Q: 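What follows is a single structure, and I will ask about it in a moment.
Below, chain A is the first sequence line, B the second, and so on; all start at residue 1. Heavy-atom basis, side chains included; hydrogens, waters and symmetry copies ignored. As the structure is a prediction and not an experimental result, all values here were calculated from the model.
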2 protein chains.
Amino acid sequence: MKIKRIRTAVGPISSEIRNAYISFSTMTINLVSVELDARIDGSPIVGYGFSSNGRYAQTGIIEERFAPRIMAADPADYNDENNATIDPVKLWSIFMSNEKPGGHGDRAHAAGALDMAIWDAAAKLAEKPLWRLLSERFNDGRYDEEILVYPGGGYYYPGKELDGLKAEMQGYRDEGYAYVKMKIGGADLALDIKRIEAVIDVVGKGKYLAVDANGRFGLDTALAYARAMEPYGLFWFEEAGDPLDYHLNATLCEHYSGPVATGENLFSHHDGRNLLRYGGMRPDRDWIQLDPALSYGLSEYLRFLEVVDSHGWSRRRLIPHGGHQLALNIAAGLQLGGSESYPGVFQPYGGFADNIKIRDGYVTLPDDPGIGVELKPNMIGEMRRLLGYE
Amino acid sequence: MKIKRIRTAVGPISSEIRNAYISFSTMTINLVSVELDARIDGSPIVGYGFSSNGRYAQTGIIEERFAPRIMAADPADYNDENNATIDPVKLWSIFMSNEKPGGHGDRAHAAGALDMAIWDAAAKLAEKPLWRLLSERFNDGRYDEEILVYPGGGYYYPGKELDGLKAEMQGYRDEGYAYVKMKIGGADLALDIKRIEAVIDVVGKGKYLAVDANGRFGLDTALAYARAMEPYGLFWFEEAGDPLDYHLNATLCEHYSGPVATGENLFSHHDGRNLLRYGGMRPDRDWIQLDPALSYGLSEYLRFLEVVDSHGWSRRRLIPHGGHQLALNIAAGLQLGGSESYPGVFQPYGGFADNIKIRDGYVTLPDDPGIGVELKPNMIGEMRRLLGYE
């Protein structure tokens, strides 16, 4: 079994939204396809991968470093023992050869998109959905039939802050979501509290609302928000400070009794381990959000799961960032706590299969082979066009 | 004062050397130039920058993200108050706008090369060497006239391990170096100890020899090497484990009485702060090696110096990785502990001005404007050719 070709392209996901840190007006993501020398029902097997939002395409890293290493490798080095399929973890070691330790940034996002395409191809070759492949290979056949999902949204609406936000949240409720998330830190505390109360008006209780500061706050501001928000009993308080400021996070955990969440800007199992070691995260309530698609892919996320296990944490405390089908497959097949969703933004890549309904904040899974990119016709159409297939 | 154009290119630095982790047979670095709309003595002012070795070129990040932000900016936003020069720190904030926190990898290396070119241009515009500009602007006019330097070398010589290594080290001594560094971890402990003893035969005492494991060891191996090497009284034991494994480093520091050194694979002031917070580093003996050229540049290194100061450390404990003129200028003008050097490898970029002599392990400084790239004719010639000037 051989990888015949790897293609890359830049996927534009520009939008007018902004969080407390950046604008998305020029945002792009990596698109990748991996072509196998095998066919199913006469069609060649092609795996597709893409990056989560927020970090820009870096196709150069794939084209100049990762892809040539795979194309130069002996297929025997990445086939599994009986040669009937490819081994994504072996391929990961091949494309990451001659890369120094540390420096987990753009390289991690490029690797994540490539690794996603490889896992999509491997699952298609096995004629199984990825969640089932993961369940069988790494989770003793167990999986979740229903996965908690929440929309990552709650943006700012200059000029109509409360009405715009409430309308967005009502839309999510109408779509079947129970839990929602909103941005904070792009305004002052007083306005953010009004926005929080406006959303609670829509969703009913604070426990259905998470808030996300996108790493914006210093310690004083983080603690001021914590004090002001504590009475609302929120779902979680996300990424209060810089993602690498474990000390700030630990201090926040000492002073805020509600759940905190962080990790979407930690891009390796080494960084995730440091969060567990130094971040003060509490195993009974806090949430860890490392994003497999931005963090060297599922192959690296499996290493992070070993870190989670060895620190005595439950995998149920993990809710990956990303809001797409890769994270959903992993959450289902490896029984994590849930998955973010982007039903309305970062299109066409955000969200899940078009025919899947959200019910009371939970989603079920399709049974089609692979990650399920073909179940989002707009997305796969744009990917194939940008990758040069059509 | 306006930046008229930014050019980038890929600089090959392939060589047959290897360390405990990677081969350098396909290695590349970023090359950058920044052109001002000003002339000195009739010649246009061009600043040049490049990356340190080990991390591959990522010109896409500069061309697609950083350079367009600078070219779109109003020069008033990056000129200093009297408009007579450019402010590199303001330019840094401009080219890093809309970049999320965390993820300090390839982006940090690309930013470092661009920031170097900007500082080179700023120093040329001021008609001063960079070390003097830094001294005047950030160090009350103080600077060092002699800077401790050591060659980063000591590679493996399959088939002639001891003789090859001794000849390399004798060469450094003949060039005027006192302190030297060698790789360990690419062989077993017994052979590495023989190699250490062979080098001590050349340099006279263990205190002149640093050893570098390039992040290769797990804790058990790190401690085994520590026990075996402790009697030699080495200059330092560098990067025993993964650069982000602060716990391993702290445990090593508890068990090894000699100096340890690390930090070349930490690429932001946030990561450097975590090393000080969690790495167990001892302010009376250990060495911190963050590399400005790989870590978002001098502009970010100034932030790291604030972290160093606020943690009560002396800047004399800092010896930047990189082995080139940027690190040397910073070490001199901001009075650090010294600078690495690459006199024989990573050519033409490694090492200092061609006409500068090493004496008893120390180097003096040229007085030419900028970083001094013009004082290495082979290097500036290749840079100008690859950047399309010739």
Q: Which bit of A/Asn274 comes within less than 4.5 Å of chain B, counting heavy atoms only: side chain, backbone, both or neither?
A: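 Answer is side chain: those atoms of A/Asn274 sit under 4.5 Å from chain B.
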Q: Sort B/Ser268 into side chain, backbone, both or neither according to what part of it lies under 4.5 angstrom from a heavy atom of chain A.
A: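 Looking at B/Ser268, just its side chain touches chain A.
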Q: Please look at B/Tyr246 and chain A and tell me whether the side chain, the backbone, both or neither of the residue comes under 4.5 angstrom of a heavy atom of that chain.
A: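 When you check distances to chain A, atoms from both the backbone and side chain of B/Tyr246 fall under 4.5 Å.
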Q: Quick one: which residues of residues 61-68 of chain A reach chain B at under 4.5 angstrom, heavy atoms only?
A: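 Near chain B, by residue number: A/Ile61, A/Glu64, A/Arg65.
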Q: Which bit of B/Ala57 comes within less than 4.5 Å of chain A, counting heavy atoms only: side chain, backbone, both or neither?
A: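 Contact with chain A involves the backbone of B/Ala57 alone.
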Q: Taking non-hydrogen atoms and a cut-off under 4.5 angstrom, which of residues 101-108 of chain B neighbour chain A?
A: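 Hits under 4.5 Å: B/Pro101, B/Gly102, B/Gly103, B/His104, B/Gly105, B/Asp106, B/Arg107.
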Q: Other residues, nucleotides and ligands only: do more than 12 of their heavy atoms fall within 6.0 Å of CG on A/Asp74?
A: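 Result for CG/A/Asp74: enclosed.
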Q: Between A/Val10, A/Thr59, A/Asp271, A/Thr26, who has the most heavy-atom pairs with chain B when the cutoff is under 4.5 Å?
A: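 Top option by heavy-atom pairs under 4.5 Å: A/Asp271.
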Q: For chain A, which residues from residues 236-245 of chain B have at least one heavy atom closer than 4.5 Å to it?
A: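 Residues of residues 236-245 of chain B touching chain A at under 4.5 Å: B/Asp242, B/Pro243, B/Leu244, B/Asp245.
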Q: Do any of residues 296-312 of chain A come closer than 4.5 Å to chain B, heavy atom to heavy atom, and if so which ones, in number order?
A: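 None at all.
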Q: Against chain A, label B/His247 side chain, backbone, both or neither, depending on which of its atoms sit under 4.5 Å from a heavy atom there.
A: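 Contact with chain A is through both the backbone and side chain of B/His247.
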